[in-house]
Amino acid sequence: WLSRKTGHASPELLLGDPIAFGEVEQKLSTAQVSRKVWWVVANPKEWSWDRLFKEKRVDYRYGRLQRNYPLVRKGDLVVGYQSTPDKRIVALARIARELYPTADRGSVIDLEAVAPIDNGLTYEELQSDPILTASEPVRMRCQGTLFALTEDEFDHLAALLTERNPDLRRHLEGSVTGVGPLTRLTFHASYSYEDFIEGFRPVDTKGGNLTLRLEDGIFKRVCREAQANPNKPYLVLIDEINRANVAKVFGEIITLLEKDKRGMSVSLPQSKEAFAIPSNVYVLGTMNTADRSIKLLDAALRRRFSFIELMPDSSLLTGGKVGNLALDEFLDELNRRIAAKEGREKQIGHSFLMDSSGPVSDPEEFARRFRQDILPLLQEYCYEDYRLLADYIGETLVDKDAQLLDEERLRDPDELVRALELAFIKAGEV
């Protein structure tokens with residue numbers, strides 16, 4: 001799948017190239033395919049949307065709401081509204097260039113034509129619509145130039161526009177899905193069912209008050225998109241999956257995660273909608289068992305996931321040296337000492353000693369990582385037990401009787417490397 005998407009010869013080659021892998025990850029990510037929709041107001045006294053369709057591309061002045069202009073991105077969809085005397089939606093456009101300065105007009109954005117709209121919604125119709133009346137442009141009576149539409153508002157507006165103008169469907173469908181082949185999430189203590197599946201969220205009303213609106217969560221949107229594209233795989237990558245109350249976040253859909261339950265529907269308690277997890281949706285969770293034991297995960301969830309343990313892999317450091325210190329041997333010996341005292345889950349990962357091109361080779365960079373990343377972890381493990389710390393990194397760097405570190409050696413990359421050579425090469429020889 002990856003090779004078809006990227007043109008690489010095989011997934012193995014792609015996974016072995018950190019730069020290429022990062023580029024593909026960005027292309028597949030939901031954050032990249034998600035587009036905003038903007039509501040742009042044209043005042044016929046300055047220019048009308050007819051001009052855009054004659055010239056195909058125009059620049060548009062910097063005005064109200066100023067907070068929105070820096071958020072505009074190339075490719076974002078634009079709903080074009082014409083003010084007095086028309087007072088209706090008349091065009092679809094796209095952002096052709098983000099905010100930039102000009103010599104004579106100040107800062108502007110560029111718009112390019114997509115399609116004119118016949119029989120667009122009027123201002124009165126927008127006001128009377130239960131969803132669009134709460135939108136930013138209607139709440140501010142279109143007194144400005146650039147407004148934002150939420151995903152729900154745009155979906156509703158797109159349905160109304162295509163009902164009147166079926167030819168617009170090809171321009172509107174898929175413009176703002178908010179869902180890509182890869183969706184990345186990070187769970188935390190306050191992550192909830194409402195974030196993941198569905199829930200009521202506060203929205204501004206026309207009068208400036210707050211009301212509650214039922215909105216879909218990210219996983220529900222992914223599943224809807226996957227149902228519409230059954231031959232396309234969708235991956236939800238959840239980092240730190242153990243940091244939320246996972247059983248509460250998944251709720252009643254926990255049963256649907258099982259392989260033989262894919263496609264089976266349950267009724268969601270708030271929307272009363274039927275919901276299913278398609279077979280082309282995959283969930284991958286990552287967790288650090290050193291932070292929180294897997295035993296704390298809900299047993300019902302654990303039996304619905306397969307687990308793959310990823311331990312430090314010193315083979316990725318083979319051939320890497322700083323001075324005479326072989327990094328693979330250094331990591332193996334350090335982890336042997338840690339595992340003997342603290343347990344295997346507290347071992348140091350190989351990523352501490354790697355960058356995008358491979359093992360670290362610069363003494364200064366190695367010294368920085370040792371001081372700022374590795375040493376603080378070891379000190380945490382030791383709880384100021386300097387005798388134990390000396391067992392880890394050697395007595396050249398640690399005065400266990402005075403309970404002090406040799407700061408001068410730690411600050412000197414060459415001296416630090418020599419001290420570690422003494423502590424680890426000799427240990428290897430023994």
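Predicted, not measured: the structure shown is a model, and the values here were computed from it.
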- Task: Verify whether one side chain among Glu333 and Tyr392 offers a donor that lies under 3.5 Å from an acceptor in the other.
- Result: no
- Item | Gap between atom CG of Leu327 and atom CG of Leu331 - 0.5 Å precision | 8.5 Å
- Message: Give me the atom names and distance for the closest heavy-atom approach of Thr122 to Arg88.
- Response: CG2-NH2, 3.3 Å
- Query: Does a side chain donor of either Tyr62 or Thr145 reach within less than 3.5 Å of an acceptor in the other side chain?
  - Reply: no
- Message: Do the side chains of Glu215 and Arg201 get close enough for a salt bridge, i.e. N-O under 4.0 angstrom?
- Response: no
- In short, Arg262 meets Ile277 closest at the heavy-atom pair CD-O, 3.3 Å
- Message: Rounded at 0.5 Å granularity, tell me how far CG in Asn324 sits from CG in Leu420.
- Response: 12.5 Å
- Under 6.0 Å between ring centres, would you say that holds for Tyr234 and Tyr282? no
- Message: Can you tell me how far apart CZ (Arg169) and CD (Glu163) are? Round to the nearest 0.5 Å.
- Response: 9.5 Å
- Among Leu284, Val283, Asn280, which one satisfies side-chain contact (heavy atoms from CB on, under 4.5 Å) with Leu235? Leu284
- Message: For a quick test of reading the model, state the closest non-hydrogen atom pair linking Leu71 to Asp76 and the distance between them.
- Response: O-OD2, 4.2 Å
- Message: Testing the basics here: between Val114 and Arg94, what is the closest heavy-atom pair and its distance to 0.1 Å?
- Response: CG2-N, 3.8 Å
- Exercise: identify the closest heavy-atom pair between Arg141 and Tyr123: CA-OH, 3.2 Å
- Message: Pair Asp152, Thr150 - check side chain to side chain donor-acceptor pair (under 3.5 Å), show working.
- Response: CA-CA 5 Å; Asp152 288 343; Thr150 68; 5.5 Å; no
- Could you grab the distance from atom NZ of Lys321 to atom CZ of Phe366, nearest 0.5 Å is fine? 13.5 Å
- Just by distance, do the side chain of Asn335 and the backbone of Ile338 share a donor-acceptor pair under 3.5 Å? no
- Item | Tyr100 six-ring face occupied by Arg97 cation (under 6.0 Å, within 45°) | yes
- Query: Can you tell me if Thr186 and Asp239 form a side-chain donor-acceptor pair at under 3.5 Å?
  - Reply: no
- Message: Check this for me, if you would: do Arg368 and Glu364 make a salt bridge, where the nitrogen-to-carboxylate-oxygen distance has to be below 4.0 angstrom?
- Response: no
- First locate atom CD1 of Ile89, then atom CG of Leu126, and finally report the distance between them rounded to the nearest 0.5 Å. 5.0 Å
- Query: Looking at Arg221 and Glu151, does any basic side-chain N land under 4.0 Å from a carboxylate oxygen?
  - Reply: yes
- Task: Given ring-ring contact (aromatic ring centres under 6.0 Å, His included), test Phe187 with Phe196 step by step and report yes or no.
- Result: CA-CA 10 Å; Phe187 278 4; Phe196 199 60; 5.8 Å; yes
- Side-chain donor or acceptor of Tyr381 paired with backbone N/O of Lys346 under 3.5 Å: yes
- Query: Could Lys220 and Glu273 be called an ion pair, given the rule that one side-chain N must be under 4.0 Å from one carboxylate O?
  - Reply: yes
- Item | Short N-O contact, Glu136 and Arg67, less than 4.0 angstrom | yes
- Can a donor-acceptor pair be found between the side chains of Ser271 and Glu198 at a distance below 3.5 Å? yes
- Message: How close do Ala419 and Arg409 get, counting heavy atoms only, and between which atoms?
- Response: CB-CD, 4.4 Å
- Task: Decide whether His350 and Asp328 meet the rule of one side-chain donor and one side-chain acceptor closer than 3.5 Å.
- Result: no
- Could you give the distance from CH2 (Trp39) to CG (Leu146), rounded to the nearest 0.5 Å? 12.5 Å
